[in-house]
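Structure record follows, encoded as structure tokens.
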Amino acid sequence: LLPKISKMNRLELIKNHLVPACTAAAGKTDEDIVIVAYARTPLTKAKRGSFKDTAYEYLLSVVFQELLKRSGLKGSDIEDVCVGNTLVIGSGHINARMGQFLGGLPDTTSLKVTNRLCSSGLESIAQIASAIKSGYIKIGIGAGVECMSRGDMNSIVDPNLLCEPVFENEEARNCLLSMGMTSENVAKKFGIPREVQDKMAVESHAKAAKAQDAGLFDDEIVPVKTTIVDKEGNTKTITVTKDEGIRRSTTMESLAKLKPAFGKGGSTTAGNASQVTDGAAGCILMARSTARELGLKPLATFRSYAVKGVPPEIMGIGPAAAIPAALEKAGLGMNDIDIFEINEAFASQATYCVEKLNVPREKLNPKGGAIALGHPLGCTGSRMMCTLLPEMKRTNSKYGIISMCIGTGMGAAAVIENEQ
């Protein structure tokens, strides 16, 4: 005989068929993927900042140690790790594995690396979330790291080694465009003037400076003790506690004096583009049921993730395509989002996305963005997660978005639900 099903249970079964479990409308479920700890290093200027002599694996190890400390978990509790990286050969798999051991994770913890260019740090989190959702693992770390002091994005591809058909196919050929030229393409195609771009840059620095002065980055940052070599060749030990790219003196007048960085008549400058940066970040994820079993309080739910393709020559418009897709997966609309963390790779593309989606300025990057803080390629997505979560707690926000454009023409976005 079949068991009797109450009216209430029948309604619940019907609701589960109509409302996907991953959407916000489904409410909290045991299968939700939750974040229980997050941490990042300070961000420093590449080649001349405090991490210019600090290795990839060391920065990553500091983050791993802090994640274990904040969560109270043992290294052996972590089953798998995914690290986003862009500039190191092979995405730095060997370095990441070294960083794992230095960071207190045993050899029984597996590790992989991923490279989706500027979204790698968010992609790593999404891949761990997916592995947990699929039942492959129970607990994992999604992280990102970039030492731009030691890498050069422009040297990733040697055109001389490419096959001839690449140069006969416009879209394939456009993958070779420098990121700066794609910024100029967006500005020209969509009519985004220099003054508007400079205004976003001024606002980014002002918000970041205000947030830093108020201590709003303190909860997300773990101080890093490292060594640095000065101009005379002397090595000294320092402790880095704050982001170093914020320029408090940035004004419209000072930015107007800067020359275009990618050709005469352009509008993209060193002042309205993201900074090249060193840093690492990460978070621990698990199912809600696992968190309950371990007595850990979920900080947030990883509600949805989407990646969408766009033309390579205007790759910066990616967030305008990815954000609506992520919202649809989460069963939410633009008005439901309290905070938009949109990466400021270039003010041109960030402005386009904000205007295209009608993002309210008061909801955009409340603690500043990559123009002020920096854009350590493979780390950025993880860094943005670490910046979003404490701000959602402080403002008692319900939903947040993390999004960025991706070189060669893509955008990525994730919807995060606050539980703090």
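Just so it is clear, the structure is predicted and the values come from calculations on it, not from any experiment.
Sorted by first and then second residue, the pairs that involve residues 272-281 and meet side chain to side chain donor-acceptor pair (under 3.5 Å), not counting sequence neighbours, are S149-D278, D198-N272.
Shown here are the salt bridge (charged side-chain N to carboxylate O under 4.0 Å, His left out) partners of K199, two or more places apart in sequence or in another chain: E203. Contacts of F190 classified as ring-ring contact (aromatic ring centres under 6.0 Å, His included), with partners at least two apart in sequence or in another chain: Y352. In this structure, K188 has no side-chain contact (heavy atoms from CB on, under 4.5 Å) partners at least two apart in sequence or on a different chain. Remark: N418 engages M392, Q420 in a side-chain contact (heavy atoms from CB on, under 4.5 Å) (not counting sequence neighbours). Remark: Y56 pairs with no residue by the ring-ring contact (aromatic ring centres under 6.0 Å, His included) rule, at least two apart or across chains.
Salt-bridge formation is detected for the pair D243/R40: a Lys NZ or Arg NE/NH1/NH2 atom is positioned less than 4.0 Å from an Asp or Glu carboxylate oxygen. With respect to E417 and K398, a salt bridge is recorded, a charged nitrogen being found less than 4.0 Å from a carboxylate O.
The nearest pair of heavy atoms linking T227 to D53 is O-CB, 4.0 Å. Minimum interatomic distance between E344 and A350 (heavy atoms only, all atoms of both residues): CA-CB, 4.2 Å. Between M286 and L73, the shortest heavy-atom contact is CE-CD1, 4.0 Å.
Side-chain polar atoms of T114 and Q127 form a donor-acceptor pair below 3.5 angstrom. Side-chain polar atoms of N85 and S91 form no donor-acceptor pair below 3.5 angstrom. Looking only at atom types and distance, the side chain of N185 has no donor-acceptor partner in the side chain of T182 under 3.5 Å away. Side-chain contact of T44 with E244: a donor-acceptor pair under 3.5 Å is absent, judged by distance alone. Side chains of T269 and R194: a donor-acceptor N/O pair is absent below 3.5 angstrom, by distance only. When only modelled atom types and interatomic distance are considered, S348 and S183 share a side-chain donor-acceptor pair under 3.5 Å.
In this structure, T86 contributes its side chain and L117 its backbone to a donor-acceptor pair below 3.5 Å.
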